[in-house]
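Quick caveat: nothing in here was measured; it's all calculated off a predicted structure. Just so you know, ligand 1 is whichever comes first in the structure, and atom 1 is the first atom listed for that ligand.
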Amino acid sequence: MDILKNIPMTHWDSPIDNKTSEEAVHALEHGKIIFLPGLNFSLNEDEIQLLSPTLTSQKRKNISFNPLTLDVQGDMSTAEQHIQLNHLMQRYSQKSLGLVNILFPGYQQKIIPGRASLRTVEISGRNSSYKKDDSRLHVDSFSSTPVNGRRILRVFSNINQNGVARIWQTGESFKTVAMRFIPQIQSISAIEQHLLRLFKITKTVRSAYDHFMLNIHNKMKKDMAYQESVIKTTLTLPPQSSWIVYTDQVSHAAISGVGVLEQTFYLPPTALHYPETSPLHILEELLKQPLVFKHKQAGSTA
Ligand SMILES: O=C(O)CCC(=O)C(=O)O
Ligand SMILES: [Fe+2]
């Protein structure tokens with residue numbers, strides 16, 4: 001199976017026909033990466049200066065932007081650069097949302113924008129704990145932000161100005177990954193769920209779904225024998241291209257590259273066209289138990 005589904009779009013807001021959007025959502029929800037080789041996110045001269053890694057605070061992997069509050073975090077820029085960063089990231093957030101609405105019209109009204117990030121630190125050789133090491137294959141799960149079954153969809157654009165591609169690897173299907181790691185994971189108790197919340201380790205109560213996803217994420221990254229032996233596909237994602245992927249489903253690793261913009265979206269399970277392909281459905285089927293809270297959690301990601 002080719003992991004990439006190519007779509008020859010060259011403009012962020014040009015309409016596409018129904019057949020293309022039906023093929024796109026089918027590919028996306030079945031674990032492919034929607035690859036837009038001709039979709040460039042262009043920067044002006046001032047914005048190109050913002051790609052210097054010295055602007056990113058040393059303790060962090062990236063500069064982040066909250067499209068709800070318009071807040072930029074993690075930068076060490078001047079006041080003027082801070083404003084430029086704000087405009088750049090706001091534009092990327094808006095263009096990404098517009099793009100997703102064009103490609104996946106069925107997601108409109110249901111999609112929830114999360115944070116965006118500007119990644120200007122070279123991945124290869126970056127020091128981090130194994131849990132934060134995205135150069136190891138993993139599926140995404142956020143330890144402090146439970147999603148309670150919501151999907152994690154990410155739009156990426158390689159904005160490197162020196163011809164440097166981003167190199168990714170992908171691994172096994174979500175079901176194969178889940179079957180391999182689930183036997184190593186104990187259930188979470190109600191007490192543990194509430195203690196995590198009480199001590200503000202999680203922003204909302206960690207659902208059993210989040211517990212299993214986080215454990216799969218951590219156990220995949222920790223297991224070096226697995227990392228070395230699993231069959232991988234290497235992807236070259238060139239500058240001036242963009243791609244979209246359910247990072248909670250597709251086992252992925254970012255091996256090298258520098259200069260990417262990324263926007264995260266959350267999708268409720270009801271927005272999916274093929275819910276049977278979702279990590280939630282696959283985990284509930286394997287574990288034979290419901291994994292999410294049915295009621296809306298106060299202060300949840302929505
Ligand atoms: O920075 C990248 O290219 C991808 C890193 C990653 O694992 C992610 O964004 O989920
Ligand atoms: Fe990831």
Side-chain angles (χ1 to χ4, degrees), residues 3-4 28 31-37 39 41 51 53 56 60-65 74 89 92-93 96 100 113-145 147 150-160 162 164-174 177-178 181 210 213-223 226-227 230 232-267 279 301:
I3 183 90
L4 298 182
L28 179 76
K32 291 201 179 199
I33 297 174
I34 305 299
F35 182 44
L36 306 146
L39 192 63
F41 187 77
L51 297 183
T56 301
R60 304 178 53 128
K61 300 199 273 196
N62 55 53
I63 293 171
S64 90
F65 173 72
M89 297 188 76
Y92 190 69
S93 261
S96 300
V100 168
R115 301 186 82 86
S117 62
L118 172 62
R119 305 177 178 190
T120 58
V121 181
E122 167 63 51
I123 300 168
S124 108
R126 197 169 59 186
N127 279 332
S128 60
S129 66
Y130 79 87
K131 289 184 189 173
K132 288 194 176 147
D133 184 357
D134 288 340
S135 70
R136 302 182 188 201
L137 283 171
H138 64 283
V139 287
D140 281 358
S141 175
F142 308 134
S143 60
S144 61
T145 317
V147 296
R150 290 188 196 89
R151 304 299 309 275
I152 302 170
L153 181 69
R154 290 187 145 173
V155 177
F156 295 90
S157 296
N158 187 341
I159 51 168
N160 184 284
N162 305 310
V164 179
R166 205 153 188 92
I167 307 298
W168 272 30
Q169 282 175 337
T170 55
E172 302 170 312
S173 74
F174 182 80
V177 170
F181 288 98
D210 288 283
M213 290 299 287
L214 188 60
N215 272 273
I216 292 172
H217 167 273
N218 293 348
K219 289 189 188 297
M220 284 177 84
K221 282 186 171 175
K222 194 168 188 187
D223 187 342
Y226 171 73
Q227 292 287 334
V230 68
K232 305 171 197 72
T233 305
T234 299
L235 305 176
T236 300
L237 302 154
Q240 291 159 34
S241 73
S242 301
W243 60 101
I244 308 176
V245 53
Y246 271 124
T247 51
D248 55 0
Q249 174 178 8
V250 176
S251 168
H252 61 285
I255 306 300
S256 68
V258 59
V260 149
L261 275 164
E262 171 272 334
Q263 168 69 51
T264 300
F265 295 101
Y266 299 97
L267 273 297
T301 318

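Salt bridge Asp140/Arg154: present, at least one basic N to carboxylate O contact under 4.0 Å. Comment: Arg136 does not engage Asp223 in a salt bridge, judged by the lack of any side-chain N to carboxylate O separation of less than 4.0 angstrom.
Among protein heavy atoms, the minimum distance from atom 3 (O) of ligand 1 is reached at Arg166 NE, 2.6 Å. The single protein non-hydrogen atom nearest to atom 1 (O) of ligand 1 is Arg119 NH1, 2.7 Å, given as residue, atom name and distance. Scanning the protein for heavy atoms near atom 8 (C) of ligand 1, the closest one is Arg154 NH1, 3.2 Å.
For the side chain to side chain contact (heavy atoms under 4.5 Å, CB included) with Trp243, the lone residue among Leu39, Leu36, Asn158, Val155 that qualifies is Asn158.
The option with the heavy atom closest to atom 10 (O) of ligand 1, from among Asp140, Thr247, Val121, is Asp140. The option from Asp248, Asp134, Ile123 that lies nearest to atom 6 (C) of ligand 1, judged by heavy atoms, is Asp134.
For Phe174 and Tyr246, the distance between ring centers is not under 6.0 angstrom.
From Trp168, atom CH2 reaches atom OG1 of Thr234 across 13.0 Å, with rounding to the nearest 0.5 Å.
The Fe ion (ligand 2) has an N, O or S atom of Asp140 inside 2.8 Å of it.
Judged purely by distance below 3.5 Å, without hydrogens or angles, the side chains of Thr56 and Thr120 pair a donor atom with an acceptor atom. The closest side-chain donor-acceptor pair between Thr264 and Arg115, if any, does not fall under 3.5 angstrom. Neither side chain, Tyr130 nor Gln227, offers a donor N or O lying under 3.5 Å from an acceptor on the other.
In terms of N/O distances under 3.5 Å, ligand 1 is not approached by Trp243.
Contact atoms of ligand 1 toward Phe156: 4 (C), 9 (O) (distance under 4.0 Å to a heavy atom of the residue). Close approach of ligand 1 to Trp168 is summarised as follows: ligand atoms under 4.0 Å from at least one heavy atom of the residue are 2 (C), 3 (O), 4 (C). Applying the 4.0 Å criterion to heavy atoms of His138 picks out, from ligand 1, the atoms 7 (O).
Considering the Fe ion (ligand 2) as centre, the angle to NE2 of His252 and to NE2 of His138 is 90° (10° rounding).
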